[in-house]
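Naming convention: chains lettered A, B, ... in sequence-line order (proteins, then strands); numbering from 1 in each chain.
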Amino acid sequence: MAVKTYLEAIREGMRDEMRRDDRVMIFGEDVGFKGGVFGVTEGLQREFGEWRVMDSPLAESCIVGVCIGAAFNGMRPIAEIQFQDFILPGVDQIVSEAAKIRYRSNDDWNMPLVIRAPFGGGVHGALYHSQSIEAMFCGVPGLRVVVPSNPYDAKGMLVAAIRDPDPVLYFEHKKAYRSIRGEVPDHEYTVPLDRVRVVREGRDIVIFTYGLMVDTAVQAAERLAPDGFSVSVVDLRSLRPLDRQGIVESARRCGKVLIAQEANLAVSVSSEVSAIVAEECFEYLDAPVMRIGGPEVPAMPFAKPLEDAYLVDVDKLESKLRRLAEY
Amino acid sequence: MAVKTYLEAIREGMRDEMRRDDRVMIFGEDVGFKGGVFGVTEGLQREFGEWRVMDSPLAESCIVGVCIGAAFNGMRPIAEIQFQDFILPGVDQIVSEAAKIRYRSNDDWNMPLVIRAPFGGGVHGALYHSQSIEAMFCGVPGLRVVVPSNPYDAKGMLVAAIRDPDPVLYFEHKKAYRSIRGEVPDHEYTVPLDRVRVVREGRDIVIFTYGLMVDTAVQAAERLAPDGFSVSVVDLRSLRPLDRQGIVESARRCGKVLIAQEANLAVSVSSEVSAIVAEECFEYLDAPVMRIGGPEVPAMPFAKPLEDAYLVDVDKLESKLRRLAEY
Amino acid sequence: MVVANRAARAIAGIDADTLRAMYRHMLRSRMLDERIWLLNRQGLVRFWVSGMGQEAIQVALGMHVRPGHDWVAPYYRDLALTLVLGMTPRDQLLAAMAKADDPNTGGRQMPAHFGCRRLNIITTGSVVATQFIHAAGIALASKIRGEDAVTVVTTGEGATSEGDFHEALNFAATHSLAVVFVVEDNGLAISVPTSKQMPTPNVSDRATGYGIPGVVVDGTDPVASYLVCGEAVARARAGKGPTLIDAKVPRLTSHSSDDDQRRYRTAEALETDRTHDCLGRFAARLGEQGMLSARDEEAMRAKLLAEMDVATAQAEAASDPDPESVLLHVLGDA
Amino acid sequence: MVVANRAARAIAGIDADTLRAMYRHMLRSRMLDERIWLLNRQGLVRFWVSGMGQEAIQVALGMHVRPGHDWVAPYYRDLALTLVLGMTPRDQLLAAMAKADDPNTGGRQMPAHFGCRRLNIITTGSVVATQFIHAAGIALASKIRGEDAVTVVTTGEGATSEGDFHEALNFAATHSLAVVFVVEDNGLAISVPTSKQMPTPNVSDRATGYGIPGVVVDGTDPVASYLVCGEAVARARAGKGPTLIDAKVPRLTSHSSDDDQRRYRTAEALETDRTHDCLGRFAARLGEQGMLSARDEEAMRAKLLAEMDVATAQAEAASDPDPESVLLHVLGDA
Ligand SMILES: Cc1ncc(C[n+]2csc(CCOP(=O)(O)OP(=O)(O)O)c2C)c(N)n1
Ligand SMILES: Cc1ncc(C[n+]2csc(CCOP(=O)(O)OP(=O)(O)O)c2C)c(N)n1
Ligand SMILES: [Mg+2]
Ligand SMILES: [Mg+2]
């Protein structure tokens with residue numbers, strides 16, 4: 001198996017599906033000749049032509065809405081939103097339309113649509129190129145929201161998302177694009193869209209997390225090993241729906257739970273995971289469910305000292321973990 | 001003190017502030033001559049003229065954005081969004097702009113803006129006139145999100161919201177407009193925007209809730225009294241920021257917590273309240289934190305049997321409460 | 001159908017059969033609309049938003065659509081359009097009474113939230129203006145596959161203030177997509193008159209800015225509307241791109257059954273609207289041309305009334321949705 | 001300043017002092033821009049998005065604005081505009097290096113996210129097109145209070161595809177608000193050319209649809225730009241409503257410091273852009289008219305260079321934001 005970057009895995013997922021299924025198309029700002037501002041779609045317009053890898057106008061409601069229309073009419077569109085921060089002008093089309101089409105039509109119509117967008121910070125992107133606003137969609141019935149944390153999942157989940165008959169928001173951590181590498185099979189495979197993955201097995205504490213923070217969590221977990229604390233790391237992978245059973249199993253087994261994310265905590269994925277644990281694991285818990293994430297400020301600032309202060313790094317995660325271990 | 005409806009209290013709050021402060025203006029669809037589709041602004045254009053009570057075009061991004069502009073230039077605008085469901089085309093202006101203006105300008109600018117919108121169901125409004133999508137904003141730093149549950153709070157919190165120097169989303173339960181009455185002082189007063197209100201004191205269980213569900217919770221609580229269960233009802237009032245201290249106090253005192261809301265549960269206000277209780281009350285809990293709310297479906301359907309199946313009524317709340325009481 | 005003796009064979013090139021068919025569609029929609037208002041007052045229909053006064057443009061448009069081949073993104077006043085395309089009074093009465101067998105939404109949405117996959121009528125929600133962009137996307141897919149399907153999309157004039165209207169026109173025009181944009185311009189968005197909604201009197205003035213044809217038409221005149229829509233559909237089908245049609249119509253009812261327009265409109269305005277009712281004037285015109293006698297018209301009405309009665313009875317007798325079905329159809333099987 | 005002997009007194013009614021001032025503003029912005037690029041390559045500035053090539057229209061516009069009285073909603077290429085209004089190279093270098101004293105954002109936003117309350121320059125974020133509507137709202141407030149302040153708002157042509165552009169024009173035109181919409185049309189939205197962005201070559205074609213004047217101007221010609229902007233501002237100030245100006249400009253740099261335009265533009269296109277550089281051509285024109293000698297120009301450059309050096313040193317020496325300040329200024333005190 002070849003080792004590839006997270007970005008290459010995503011590109012390969014699209015390319016392979018486009019070769020297999022000519023209903024699949026890509027629509028977004030700069031995705032064509034330039035291949036996207038991060039280069040994720042590089043080379044695809046050359047292979048599939050201007051209509052299947054198409055530069056959109058600078059208008060996110062148009063991007064999502066055109067993909068909805070194309071999906072009504074038999075296509076399997078992949079919308080690219082240049083940065084997750086810029087998805088907001090398209091929110092009405094996503095939440096009022098895509099998410100509700102199957103339900104409101106009593107199953108007469110469905111909406112096979114993927115919306116890809118890079119999220120996350122630590123790349124001196126400042127307020128509007130660093131956000132993690134996935135929580136906004138994780139409360140919306142009718143949507144799937146997924147975040148791969150490694151190249152294998154990135155490709156397998158993207159293929160699954162393209163084949164899924166409902167709208168899938170597929171968020172990619174932009175700092176992972178070229179920094180995270182891993183083995184990616186050349187053959188066709190999919191990764192289920194609604195199952196956690198136990199990244200690291202442990203007995204004492206479980207960290208639930210997703211995206212680039214999975215890596216941070218594994219590093220923090222390893223730092224505790226010499227002290228005899230055995231820490232699980234569970235990659236949520238699907239943020240909507242959450243894999244309730246997968247969460248409950250690990251939480252019950254470990255008895256101590258830490259939820260880590262880059263996004264601010266209030267009314268977020270961390271809140272829901274905590275609420276699930278509260279509902280299902282009351283008699284198994286040895287400590288309060290703890291959370292760590294971004295501060296309650298509008299977004300990550302530009303200046304390095306501020307960006308550093310904002311981000312959860314291995315040190316911060318380790319010290320939170322130690323507090324929980326010692327409870 | 002005169003007894004007034006929830007709707008009258010809201011109207012009076014606006015009218016009084018407009019008399020006191022000529023920077024206050026109202027902007028929204030049909031708010032002028034017609035006085036809004038629910039009649040909340042009735043009579044105000046007659047008193048304050050066409051410019052201060054102004055019909056907007058049918059465009060929510062325009063409604064919010066124009067109010068942002070007017071607030072930059074010294075006004076204190078109140079935007080009316082006709083139904084909370086239709087706030088989504090304005091989300092970018094709310095979340096990317098209004099919420100971030102103070103922070104991104106390093107306190108050079110601020111954004112004194114109120115956005116009112118009716119939410120909630122049970123009025124055969126179907127998918128797009130029944131939603132409770134407040135959670136979408138409750139994770140957004142830089143915003144305040146409040147929901148009054150009675151006429152006294154409705155007026156006092158609206159006056160406080162208008163005077164507040166930051167953007168406040170003020171959500172009104174449309175079924176409460178004419179069904180909820182209560183005493184409302186004629187004199188000037190405000191109600192703080194970030195304090196829970198203990199509506200009913202109890203020892204065994206506390207229900208945290210907001211909006212019209214406060215009424216439902218009180219009724220359910222009373223049904224348990226004859227069986228010797230003493231139930232607190234706490235009106236959250238502010239959904240962002242949550243009154244952490246107020247929540248923790250009641251949760252610790254009672255030891256059993258139920259969170260009730262009309263909205264679906266995943267990644268919602270209920271999730272965050274549960275997470276706060278988990279973090280702060282671990283050693284005080286006698287039972288799992290329980291939640292009750294709408295099902296995980298896109299929105300409330302139109303047909304009466306479906307609407308009834310969707311809604312949390314007193315019976316459903318009572319039976320959940322009994323389960324918790326008997327734990 | 002019996003045609004009066006020295007009858008004209010056509011008006012403006014439209015043959016008598018087509019004209020009579022159009023009249024019948026208009027009348028059928030009107031009678032169904034009236035029936036639903038009646039049921040609303042009787043408490044059997046909990047909400048209604050009417051198309052009365054807007055039938056002529058809708059029927060004229062529908063006549064050019066190939067159902068199941070072309071695509072339609074309608075809005076809530078398009079009762080007549082859905083009937084022309086092949087939906088039935090029974091279908092819409094099932095929707096009005098929120099019955100399980102309502103083919104539009106299974107009783108899940110308010111009445112007049114049209115949709116029918118079989119006929120390529122996309123499902124519509126309540127959020128105005130979103131359908132403009134869907135129409136552009138549908139047409140893009142047709143173009144990518146090299147099909148000659150045309151997509152028609154309708155709206156009120158108020159909804160054209162939304163950003164989505166601009167984004168759709170801009171995209172459809174940039175790529176010469178086969179979309180016909182039809183504005184059913186009744187001069188009001190609930191209570192807000194055009195003068196407070198937009199700076200010029202005609203939405204079609206916007207067309208120039210996108211380099212496409214913009215046409216104002218009397219939407220109460222079925223003949224003029226038929227010609228204008230025919231040209232726009234032909235243009236689209238020939239790959240020449242979109243057209244923006246601004247059809248002037250009256251609003252003969254309150255905005256919806258929850259509204260009372262007498263509270264914000266003058267008696268004169270209401271009267272003017274009534275004089276612009278398309279129905280009686282079209283009957284008279286066909287009568288003058290010897291294409292439709294009073295007897296024909298009465299017979300038509302009688303038949304349609306019978307249809308309404310049967311459909312009403314069927315819809316009333318139909319089952320409500322099962323409460324447990326509230327949980328169904330959120331996501332499909334992967 | 002010494003003026004050559006038989007110098008013209010004016011070009012197209014613009015006096016020599018004004019023209020020289022304009023040239024100085026353009027040059028100052030260009031030199032600052034070049035300085036920031038240099039600092040970027042040295043690793044001292046982590047991101048830059050440049051205004052090079054767009055200075056003439058910005059300066060022309062700024063000359064008509066009364067700072068602190070009128071209102072400005074700029075976009076990220078408006079370095080020159082902010083300087084004309086009264087911001088300084090030091091201000092923008094503090095921003096470029098993300099220092100605590102950056103008056104725009106305190107180092108919180110990327111450089112070129114302008115804002116200054118003292119000068120009525122509203123704070124700008126990165127989400128394009130939102131400022132159009134703010135401008136309309138600002139102008140509404142001025143109108144409500146009966147003030148004669150004018151609001152100017154700028155944008156690239158790509159951002160006009162967003163719905164907010166339409167909603168703003170529609171509202172501002174409906175109420176004849178005192179807004180001047182200026183599109184700095186460099187033909188590209190990052191890599192996407194106008195032909196894939198919109199159906200006609202000129203954004204100003206949209207003006208007719210809103211019943212307002214739309215003007216195309218060579219945005220590299222300071223004289224033409226000055227006249228066009230002057231007329232639009234005067235019109236707005238007189239209460240006659242908005243104007244839409246479409247100023248054609250080249251993009252002399254990559255989209256930003258994170259981009260490399262050689263990967264998607266031809267060498268010819270880059271060369272054509274260079275020949276449309278406003279700066280050298282304006283210097284030559286002023287020289288021909290005897291308004292600016294080579295010596296004058298050199299002296300001007302030398303002074304500005306000194307200013308840049310001082311400002312750079314000051315900005316480099318300034319403090320970074322305090323890490324703990326990350327938590328400040330989310331909400332104010334009620
Ligand atoms: C985004 C959105 N905002 C507000 C509404 C509420 N609303 C429903 S219909 C309507 C007026 C529509 O006017 P127009 O587009 O002219 O259509 P008409 O009803 O006159 O045919 C409004 C404001 C809505 N449905 N969607
Ligand atoms: C809503 C939104 N979508 C996408 C972006 C990313 N983006 C930044 S600049 C830009 C291109 C802007 O082009 P144009 O408006 O022509 O301005 P120019 O940069 O050419 O001056 C894009 C797509 C953004 N900032 N905001
Ligand atoms: Mg209308
Ligand atoms: Mg550009």
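- In terms of heavy-atom pairs under 4.5 angstrom with chain B, the leader among C:G125, C:G107, C:A98 is C:G107.
- Within the 4.5 angstrom heavy-atom criterion, only backbone atoms of B:E296 (N, CA, C, O) approach chain C.
- Between chain C and the options B:P298, B:P295, B:A59, heavy-atom pairs under 4.5 Å are most frequent for B:A59.
- Only the backbone of C:D322 comes within less than 4.5 Å of a heavy atom of chain B; no side-chain atom from C-beta onward does.
- When C:A100, C:P111, C:G163 are compared by the number of non-hydrogen pairs under 4.5 Å with chain B, C:P111 comes out ahead.
- The aromatic rings of C:H166 and C:Y210 sit tilted relative to each other, their planes meeting at an angle between 30° and 60°.
- The aromatic rings of C:Y76 and C:H255 sit perpendicular to each other, their planes meeting at more than 60°, with 30° as the lower class boundary.
- For the options C:Q109, C:R46, C:K196, heavy-atom pairs under 4.5 Å to chain B are most numerous at C:R46.
- Other residues, nucleotides and ligands contribute more than 12 heavy atoms inside 6.0 Å of the CD atom of C:E271.
- Salt-bridge check for B:E29 with B:K34: failed, with every basic side-chain N at 4.0 Å or more from each acidic carboxylate O.
- In this structure, a donor-acceptor pair under 3.5 Å is absent between the side chains of B:R291 and B:S274.
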